[in-house]
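Heads up: the structure comes next, in structure tokens.
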Amino acid sequence: MYRHLERRLVEHLRGFLHRTYGLGIANIVVEQPPRIEFGEYALPIAFELARKLRKAPRKIAEEIVAGVAAIPGFEKLEVAGGGYINVRVSRAELAKAIATDQSPAAEVPPGKVLVEHSSINPNKAAHIGHLRNAILGDTFVRLLRFAGTEVDVQNYIDNTGVQVADVVVGFLRCVNYKRSFASAEKLPYIKSFIEQHIAQPRFDYYCWDLYARVSQWYEEDKANLQARAATLHSIEEGNNETAAIADLISVAVLNRHLETMDRLDIEYDFLPRESEILHLHFWDAAFSKLKEAGVLNYETEGKNKGCWVMRRAGTAKPLTTGDTEDTGSAEEGYDDPVSFSPERISEEDQKVIVRSNGTVGYVGKDIAYHMWKFGLLGRDFGYRKFYRYPNAHDCWISTTDGEKDHPHFGDVAEIYNVIDARQSEAQNTVIEALRGLGHGEAADRYTHFSYEMVALTPRCAAELGYNLSEEDKARSWIEVSGRKGFGVKADDLLDALITSARKEVDARHPELSEPERAGIATQIAIGALRYFMLKFTKPSVIAFDFKDALSFEGDTGPYAQYAVVRASNIFRKGGFDPDAFCRDAARQVSTEDFAKYLTGESGHDIWELWLAAAKTSYIVSQSIATTEPAYLAKHTFQLAQLFNTFYHRYPILSEADEGRKKFLLATAAVVRRELIRVLAAMGISVPPVM
RNA sequence: GGGCCCGUAGCUCAAGCGGAUAGAGCAUCGGAUUUCUAAUCCGAGGGUUGCAGGUUCGACUCCUGCCGGGCCUACCA
């Protein structure tokens with residue numbers, strides 16, 4: 001509603017400026033006044049026009065205020081300060097619209113959107129860094145769906161890479177089986193050994209430790225790395241015992257990851273695996289197209305002799321020399337394959353795509369995979385059902401020959417890849433490859449949803465038993481390391497949060513049953529965790545600390561959940577159903593009453609709350625446009641904060657004036673509704689009591 | 001060396017495209033009529049926004065140069 005009004009205001013203003021001054025202002029800035037008493041919108045337009053019109057800003061503002069005709073839904077425009085125009089909406093009208101939950105349908109861009117997130121190597125337990133990725137990604141998916149977009153969620157599984165190979169090597173070389181084998185019986189024995197471990201809880205934890213051991217073993221003697229190379233080769237080749245063991249491990253760990261993420265209500269639709277990209281020869285299809293388009297250069301000399309290389313993203317010379325005029329599409333020049341003409345790329349700027357031994361590297365596979373995403377490859381995966389969520393939603397996985405009937409994946413209009421900032425160069429290289437292939441429109445709809453890593457504070461690292469150098473102690477954070485087995489596992493963190501929440505719930509609600517208390521503690525834990533991962537903006541490194549993450553007070557998820565519980569309590573004590581009252585709120589309070597109670601000093605307070613409640617779809621669209629879920633978290637906190645102040649200041653059930661009481665109830669009902677909505681968009685549910 | 005990112009209160013972070021007095025949480029200190037449960041609320045202290053220039057009506061925000069820190073820069077993924 002807020003967004004709708006803003007748009008209407010801008011349209012009227014644009015029309016006026018055009019008629020009166022003959023000016024076409026493309027981008028009219030709309031802000032918020034510093035205080036609610038000044039109005040709902042502020043326009044600094046007069047400052048901008050001052051030079052063009054050669055008039056004082058204040059004078060222009062006065063002309064605009066005097067000249068703009070009445071706008072439906074708005075009370076008036078006023079000049080403030082040296083030339084600001086403050087705009088007041090009709091509070092009663094807007095309140096009525098909010099109460100009836102009117103929200104003009106936003107236009108949804110056509111086509112399906114693909115969000116890829118998580119993409120955890122299936123060789124060990126997920127850790128807090130993966131949690132940030134998955135929570136950011138899942139929240140973004142929820143935001144898109146909230147806005148009416150059709151979304152597919154994919155989780156890319158690198159099941160044939162070095163990391164899986166390392167754990168295989170671990171089982172082959174680093175586990176003491178306390179017996180000797182005839183060579184024929186070794187692999188079958190190890191296989192059954194692994195199967196036994198998979199049957200036990202948290203197989204991914206076992207792999208976590210084993211991975212650290214194997215990394216240590218490589219350190220001890222570099223010759224041990226040969227075991228990795230041989231294993232990797234067998235896995236890539238497929239159809240052998242080593243590959244079967246790798247598959248066993250990666251599928252088991254993948255299952256664990258899905259379980260872990262399911263604890264946080266994070267679900268996927270499709271799991272494309274690298275093994276199928278290999279075995280279905282996605283790369284072959286991509287390779288010929290890339291060669292044809294001249295995207296790849298074959299090196300005949302230098303250190304990359306015998307390799308097919310690409311220009312590394314971000315190293316392009318300014319092809320558009322002298323082309324400073326903005327023609328509206330700066331990327332045009334790249335669409336022409338000729339711009340990739342085989343002029344020699346300096347060695348430094350070369351990215352090896354195909355090695356001299358003919359094998360393709362990670363970026364090459366990624367290019368093929370992304371051509372598939374946009375429906376540009378001409379090949380498809382096989383599909384079979386892999387994991388069924390408790391809500392009966394099926395998650396599919398890639399196979400070489402799958403089921404006949406399956407959903408249509410890929411071939412989408414737009415993609416978002418939730419991948420940490422360290423991979424931005426690789427991501428940009430894939431984008432440039434698409435451009436080089438002449439798919440500039442796809443490249444433009446390719447978003448690297450980049451975010452910074454989760455590290456540990458030195459204190460937290462010390463708590464985990466990590467030996468800190470003096471230099472480390474002075475750092476603001478310490479990077480986690482899977483190879484050292486150093487980090488906080490996702491399930492451990494969630495367990496710690498549940499335990500901590502459970503203590504509080506037990507103390508507060510001893511009357512509840514065991515399962516009830518467990519359920520509430522879980523909801524609180526998830527709320528705390530998801531909010532914690534969302535409250536930081538993406539470019540900010542999170543220096544993780546148990547003290548902050550386990551906090552349930554202040555700027556946290558439970559704070560917002562608690563605000564909803566308080567709102568619900570009012571209705572429970574008052575004997576109303578909050579949802580029914582909310583649906584009926586517009587009829588309970590007349591427009592006259594809204595006008596009456598939303599004026600005066602207390603009116604300002606309460607109006608601020610209504611206005612904040614009106615902003616949900618505005619904030620959602622901002623978060624999507626900027627790919628920044630932190631705005632949503634910030635807004636949730638502000639709404640909850642305003643509500644808690646309101647709750648404290650205006651007792652509702654004891655209100656003697658029946659009309660005012662209904663108005664206050666309507667306020668609580670509307671805020672409750674919006675808080676539940678924004679929390680749901682973050683994947684956070686609200687416990688019945690807290 | 002090159003590319004990307006960061007530097008704001010004691011700590012952790014915000015600040016819509018350049019806008020009005022740079023805001024929160026935590027921590028510290030002091031309070032909240034025995035009320036819709038205090039996982040709450042109110043108040044206080046705390047800032048030369050890393051430094052120096054520039055652009056302009058106006059800069060935490062844009063430009064340049066420094067200082068400090070991080071990440072990327074493998075025929076690894």
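Worth saying up front: this structure is predicted, and the values here are computed from it rather than measured. Below, chains carry the letters A, B, ... as their sequence lines are ordered, and counting in each starts from 1.
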Does A:D579 come within less than 4.0 Å of A:R673, counting only side-chain N to carboxylate O? no

Looking at A:R422 and B:rU73, is any side-chain donor or acceptor paired with a base atom of the opposite kind under 3.5 Å? no

In whole Å, I'd like the distance from the CZ atom of A:R459 to the C1' atom of B:rG10. 14 Å

Salt-bridge criterion met for A:D158 and A:R273 (N-O under 4.0 Å): no

Taking only residues two or more places apart in sequence, or in another chain, which ones meet A:H509 in a side-chain contact (heavy atoms from CB on, under 4.5 Å)? A:E511, A:L512, A:V689

Given atom CD of A:Q622 and atom P of B:rA15, what is their separation to the nearest angstrom? 12 Å

Taking NZ, NE, NH1 and NH2 as the nitrogens, is one of them in A:K303 or A:E347 under 4.0 Å from a carboxylate oxygen of the other? no

Is A:Y451 touching bases, backbone alone, or none of the nucleic acid, heavy atoms closer than 4.0 Å? nothing

Nearest-Å distance for atom pair CZ/C1', residues A:F646 and B:rU40: 15 Å

Students often get this wrong, so: under 4.0 angstrom with heavy atoms, is A:S540 touching a base, only sugar-phosphate, or nothing? sugar-phosphate

I want to confirm an ordering. Mapping A:V354 and A:A421 to their closest nucleotides on RNA chain B, which one lands closer to the 5' end? A:A421

side-chain N/O A:T645 vs B:rC42 OP1/OP2, d < 4.0 Å: yes

So what does A:V29 hit on the nucleic acid, given a heavy-atom distance under 4.0 Å: a base, only sugar-phosphate, or nothing? base

Does A:E78 pair with A:R88 as a salt bridge, N-O distance under 4.0 Å? yes

Watson-Crick/G-U partner (both atom distances under 3.5 Å) of B:rU40: B:rA32

In whole Å, I'd like the distance from the CZ atom of A:R312 to the C1' atom of B:rC72. 9 Å

Could you tell me which nucleotide pairs with B:rU64 by Watson-Crick or G-U wobble geometry, both distances under 3.5 Å, or answer none if nothing does? B:rA52

A:N27 near the nucleic acid: base, sugar-phosphate alone, or nothing, with a heavy-atom cut-off under 4.0 Å? base

Hey, are A:R502 and A:D506 close enough for a salt bridge, meaning a charged N less than 4.0 Å from a carboxylate O? yes

Base, sugar-phosphate or nothing for A:N86? Non-hydrogen atoms, less than 4.0 Å. base

Please state whether the phosphate of B:rA24, meaning OP1 or OP2, lies under 4.0 angstrom from any side-chain nitrogen or oxygen of A:K634. no

I'd like the P distance from B:rG69 over to B:rA39, given in whole Å. 45 Å

Looking only at the side chain of A:I652 (C-beta and beyond, no hydrogens), which of the listed nucleotides B:rA20, B:rC36, B:rA39 gets closest? B:rC36

How long is the line joining CE of A:M453 and P of B:rC72, in whole Å? 8 Å

Ion pair present between A:E62 and A:K59, side-chain N to carboxylate O less than 4.0 angstrom? no

Mark yes or no for a side-chain to base donor-acceptor pair under 3.5 Å between A:N304 and B:rC75, with no hydrogen or angle criteria applied. no

With sugar-phosphate meaning primed atoms plus P, OP1 and OP2, does A:H509 contact a base, only sugar-phosphate, or nothing at under 4.0 Å between heavy atoms? base

Taking atom types as modelled, is there a side-chain donor on A:Y41 or A:N86 under 3.5 Å from an acceptor on the other? no

So A:R649, base contact, sugar-phosphate only, or nothing? Heavy-atom distance under 4.0 Å. nothing

Comparing nearest nucleotides in RNA chain B, the 5'-proximal residue of the pair A:Y618, A:H648 is A:Y618

salt_bridge(A:D420, A:R422) N-O dist < 4.0 Å: yes

Compare the minimum distances between each of B:rG16, B:rA39, B:rU12 and the side chain of A:E31, then state the nucleotide with the smallest one. B:rG16

Give every pair of a protein N or O atom and an N or O atom of nucleotides 25-30 of chain B that lie under 3.5 Å apart, one pair per line with the distance.
{"from": "B:rG25", "atom 1": "OP1", "to": "A:Q641", "atom 2": "NE2", "distance (Å)": "3.2"}

Search all heavy atoms of A:K365 against all heavy atoms of A:W283 and return the closest pair with its distance. N-CE3, 4.5 Å

In terms of side-chain heavy atoms of A:R35, which of B:rC75, B:rA14, B:rU21 is nearest? B:rU21

Touch check for A:F47, heavy atoms < 4.0 angstrom, all strands: base, sugar-phosphate only, or nothing? base

If only side-chain N and O atoms of A:K573 are considered, is one of them under 4.0 Å from the OP1 or OP2 phosphate oxygen of B:rU37? yes

Under the side-chain hydrogen bond (donor to acceptor under 3.5 Å, both in side chains) test against A:N569, which residue among A:K573, A:R572, A:R566 passes? A:R572

Protein-nucleotide distance (A:F643, atom CZ; B:rC36, atom P), rounded to Å: 14 Å

Scan A:Q561 against the nucleic acid and name what it touches under 4.0 Å (heavy atoms): base, sugar-phosphate only, or nothing. nothing

Integer angstrom distance from the P of B:rC13 to that of B:rG58: 34 Å

Under-3.5 Å N/O pairs linking protein and nucleotides 7-9 of chain B:
none

Give A:A630 one of three labels, base, sugar-phosphate or nothing, depending on what nucleic acid heavy atoms sit under 4.0 Å from its own. nothing

Residue-phosphate contact under 4.0 Å: A:R572 side-chain N/O, B:rC36 OP1/OP2: no

Categorize A:V505 for me: base, sugar-phosphate, or nothing, with a 4.0 angstrom heavy-atom threshold over every strand shown. base

Judged by atom type as modelled, is there a donor-acceptor pair below 3.5 Å linking the side chain of A:R312 to the main-chain atoms of A:Q350? yes

Is it true that A:F287 and A:W308 have ring centroids separated by less than 6.0 Å? yes

Nucleotide B:rA24, atom C1' - distance to CZ of A:F532 in whole Å: 16 Å

base_contact_polar (B:rC75 base, A:S356 side chain, donor-acceptor, <3.5 Å): yes

How far does the P atom of B:rA59 sit from the matching atom of B:rG53, given to the nearest Å? 14 Å

Determine: side-chain N/O of A:Y647 to OP1/OP2 of B:rA38, distance under 4.0 Å, yes or no. yes

Applying side-chain hydrogen bond (donor to acceptor under 3.5 Å, both in side chains), run through A:Y362 and A:Q423 and close with a yes or a no. CA-CA 12 Å; A:Y362 149 80; A:Q423 297 210 44; 2.5 Å; yes

Give A:F571 one of three labels, base, sugar-phosphate or nothing, depending on what nucleic acid heavy atoms sit under 4.0 Å from its own. nothing

Value in whole Å for how far the P atom of B:rU73 lies from CD of A:E425: 7 Å

Pairing partner of B:rG1, by Watson-Crick or G-U wobble and under 3.5 Å for both distances, is B:rU73

Winner on side-chain proximity to A:R475, out of B:rG70, B:rC75, B:rU40, is B:rG70

Let's test this: given Watson-Crick or G-U wobble pairing with both distances under 3.5 Å, identify the partner of B:rG10. B:rC26

Touch class at under 4.0 angstrom, heavy-atom based, for A:Q423 against every strand present: nothing

Would you say A:R566 reaches B:rA38's phosphate, i.e. side-chain N/O to OP1/OP2 under 4.0 Å? yes

hbond_proxy A:R508 side chain to B:rA39 base (donor-acceptor, 3.5 Å cutoff): yes

For A:V541, answer base if it contacts any base atom (sugar-phosphate contacts may also be present), sugar-phosphate if it contacts only those atoms, and nothing otherwise; contact means non-hydrogen atoms under 4.0 Å. sugar-phosphate

